[in-house]
**Q** 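Pasting a structure here, questions to come.
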There are 4 protein chains.
Amino acid sequence: MPRVSEEHLERRRQQILDAAQTCFARKGLHTTTMQDVFAESGLSAGAVYRYFKSKDHLIAALTTEATVDLHAAMSEAVYSDPLPTPPELMHTVAEAVVRLSTPGGAVRLIPQAWSLALTDPNIADYVRTNMAGVRKLWFDYTRRMVDIGWLPPDADTDAVAKTLLGLLPGFILQYLIMGDVDPETLTHGVEQLFPTFRHTAVAPG
Amino acid sequence: MPRVSEEHLERRRQQILDAAQTCFARKGLHTTTMQDVFAESGLSAGAVYRYFKSKDHLIAALTTEATVDLHAAMSEAVYSDPLPTPPELMHTVAEAVVRLSTPGGAVRLIPQAWSLALTDPNIADYVRTNMAGVRKLWFDYTRRMVDIGWLPPDADTDAVAKTLLGLLPGFILQYLIMGDVDPETLTHGVEQLFPTFRHTAVAPG
Amino acid sequence: MPRVSEEHLERRRQQILDAAQTCFARKGLHTTTMQDVFAESGLSAGAVYRYFKSKDHLIAALTTEATVDLHAAMSEAVYSDPLPTPPELMHTVAEAVVRLSTPGGAVRLIPQAWSLALTDPNIADYVRTNMAGVRKLWFDYTRRMVDIGWLPPDADTDAVAKTLLGLLPGFILQYLIMGDVDPETLTHGVEQLFPTFRHTAVAPG
Amino acid sequence: MPRVSEEHLERRRQQILDAAQTCFARKGLHTTTMQDVFAESGLSAGAVYRYFKSKDHLIAALTTEATVDLHAAMSEAVYSDPLPTPPELMHTVAEAVVRLSTPGGAVRLIPQAWSLALTDPNIADYVRTNMAGVRKLWFDYTRRMVDIGWLPPDADTDAVAKTLLGLLPGFILQYLIMGDVDPETLTHGVEQLFPTFRHTAVAPG
DNA sequence: TATGAATGAGCGTTCATTCAT
DNA sequence: AATGAATGAACGCTCATTCAT
């Protein structure tokens, strides 16, 4: 029964990706076997291998997939008007992290991708690309901070962006491993460390 | 070669741990085979298994070992006099990260331990313990910040500590994966985000 | 070679069982390696493990299998008409033992199963079940002996059955280890020890 | 500290044999490791290997050792005066079996030796020798039966001896594996199957 | 004599991948 | 397009044995 619709193909692909994410988030990248993925997806070995030509390809695909929702949430916040203060922004992002950290959630794959990137050059490329994409948002944010006067015109926006972004892994890890932080923790911490950023003029809705 | 000194035993143990760290840092926890460890250590299978009863035990031992140097460096900074400002402290810690990130360095194991902790409850215990140990340092630091007047007496020191600690994973990952941050980046970022903390009275040398 | 008939699966299973029996009978349960079984069966490791999930499962399956032919031979004799005399019955059973004791024969596995049952509770269950099944035949036989008048109505048929069954291991072991007994030996021995059992009336066909 | 007394050597040897018997009876010949024996005996690897040059030598020594007590018990009964009837003899022997079947008891090694003899020619020699020794007792017994008139002068004493001996393995196995026979069971079974053997003249004490 | 650390061949088992159907 | 039986290299680990001390 050849000649199948593009849509069918895409649905199959997503079905496999979903199954793999569930498995990987639950058991880990290496501990999950392809047989696990076959079982979770309800598809045969041959079917899965038609869509992803190796386990590594599946991992690579998910590595990218894992950050898209988080990226979207951050993107919305960073470009919103009026510009959120750093505590506000961190709160929004932290909430997205929590939302995407359910069992099987995409955020649970992120630390695994970081880890893999340290020893697998192939995965490192994907992870670097994703991290660069996220960091771009923070660069834009810090530039908007300058525009708005929250940072001086000669501020080292690069360093500020990298530093702010750096708070995110710390939150993800403490949330997933220690389980004793929540968005408010991060927000309060930032509020007390940073000076108060205040909108001098209310931006029009 | 029986009836061997306690010291000999300890040296052997360390020899294995060193070999394993080199392998794990280079190839990753799962990709490293015990054969790799045998070869790197110059010991036989039986010899290694005399000291560590499984690969998991070796991983667990290294998981703990991986943070001791970093912990020591942080400890020295946190309890030093006069109290370092946050940018100063971050600089010290970031430099320790860099120093311990050489090929085969202990810091390269840390993200792998984080990753493993998400799916292996056994390792999670070790990682939690280590993370709690490090966080204790930051709690102490934030309490000293209050004592010195850098934070108000009613500051949420818990949140501040968790937030500050959170900068560390971000630095480690950006340093190891992106390679475009250095201790100065972090220091500058923190300097520009945080208000200036100044010692009002010079502590006696 | 997927989507294979039930029959094919059963044939494969039997192919493995046959190979394993040959190996086990030749080299012993513990001395036989799985590699031996792969080689003897002409199948790969993976193929064998698809049908039996461990060496122990293979042993358990063969432990049961080892007695079925003997059980069948005994069953036929025990329920035949007219009732065979004890010497006749022993002769029939002894002949079955001899027939099944060729190199690679099932009977060669039986003492190994007995041995294993003494220290492996898992195998002990299988062996007990099989032994109980065989003993049931002797219980039925002794009850028929009572019916026919060869034993008094108040005879301790339980003890008689256990005693008669007890002759079997002795024959098997002397046949396999000493090699100087044959069905006639047993028959003669029983004839001379036991009183003459005679059918007083010819049973109708 | 060289030049140790003969007696000391023999004591050490026995110490090892005892430890090995305990282990073998508990875990089985193959499952028991030499490390188990070292631990049970409280001796070092080197010490054990000074007395037995391989695990196989230890097994061979125990294989012979396993039947000596049983042999002695049977010997006493067979040569006693007046001649015990078959039921009496079986009772005596069965009681010896029970007595020597405690955890760690020698009888628990016997079926393991039978099993090993089927595939290990070296052990088969030992087992054959032991079995021949035991059978010699039964030959003598059946000859005494003829002398006393319990069997006709032209009786096939060889077949009778082999048949009677054959009851022993059956009892041992049913006792060890099924656990639902005792000396009385065997005695009753023999009594009911065999004609009554009666001493026509009382033998002088 | 006695020790016990060290050896290393070889075990049982797994699992990413292929390909005949 | 889809199946799933089959492959086999390679894994983690064991344990009888040796020999420097």
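None of the values given here were measured: they were computed from a predicted structure. Proteins come first, then strands; the chains are lettered A, B, ... in the order of their sequence lines, and each starts at number 1.
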**Q** Closer than 4.0 Å, any side-chain N/O of H8(D) to the OP1 or OP2 of dA2(E)?
**A** yes
**Q** Would you call L17(B) and L58(B) a side-chain contact if the rule is heavy atoms closer than 4.5 Å?
**A** yes
**Q** For residues M131(A) and W114(A), determine if any side-chain heavy atom of one lies less than 4.5 Å from a side-chain heavy atom of the other.
**A** yes
**Q** How about F24(B) and R108(B): do any of their side-chain heavy atoms sit closer than 4.5 Å?
**A** no
**Q** At what distance, to the nearest 0.5 angstrom, does OG1 of T63(A) lie from CG of L29(A)?
**A** 6.5 Å
**Q** Check whether any side-chain N or O of R12(A) sits under 4.0 Å from OP1 or OP2 of dA2(F), and answer yes or no.
**A** yes
**Q** Both distances below 3.5 Å, Watson-Crick or wobble geometry, any strand: find the nucleotide opposite dA10(F).
**A** dT13(E)
**Q** Under 4.0 Å from OP1 or OP2 of dA5(E): is there any side-chain N or O of R50(B) that close?
**A** yes
**Q** Check the distance between dT3(E)'s P and L9(B)'s CG and give it to me in whole angstrom.
**A** 17 Å
**Q** With both distances under 3.5 Å as the test, what is the Watson-Crick or G-U wobble partner of dA20(E)?
**A** dT3(F)
**Q** Does the side chain of K55(C) reach to within under 4.5 Å of the side chain of T33(C), using non-hydrogen atoms?
**A** no
**Q** In Watson-Crick or G-U wobble terms, both distances under 3.5 Å, what is the partner of dC15(F)?
**A** dG8(E)
**Q** Would you mind classifying the nucleic acid contact of Y51(B) as base, sugar-phosphate or nothing, using non-hydrogen atoms under 4.0 angstrom?
**A** sugar-phosphate
**Q** Can you measure I16(B) atom CD1 to dT7(E) atom C1' for me and round it to whole angstrom units?
**A** 14 Å
**Q** Determine, for nucleotides 9-16 of chain E in 5'-to-3' order, which nucleotides have protein heavy atoms under 4.0 Å from the base (write B), from only the sugar-phosphate (write S), or from neither (write -).
**A** --SSBBBB
**Q** In whole angstrom, what separates F52(A)'s CZ from dA2(F)'s P?
**A** 14 Å
**Q** Give every residue pair that meets the salt bridge (charged side-chain N to carboxylate O under 4.0 Å, His left out) criterion with at least one member in residues 16-29 of chain A, sequence neighbours excluded.
**A** R26(A)-E40(A), K27(A)-D36(A)
**Q** Send over the distance from L29(D) CG to dA16(F) P, rounded to a whole Å.
**A** 12 Å
**Q** Determine, step by step, whether E65(D) and Q14(D) satisfy the side-chain contact (heavy atoms from CB on, under 4.5 Å) criterion, reporting the C-alpha distance in whole Å, the side-chain angles of both residues, the deciding distance to 0.1 Å, and the verdict.
**A** CA-CA 11 Å; E65(D) 191 111 325; Q14(D) 199 56 50; 3.2 Å; yes
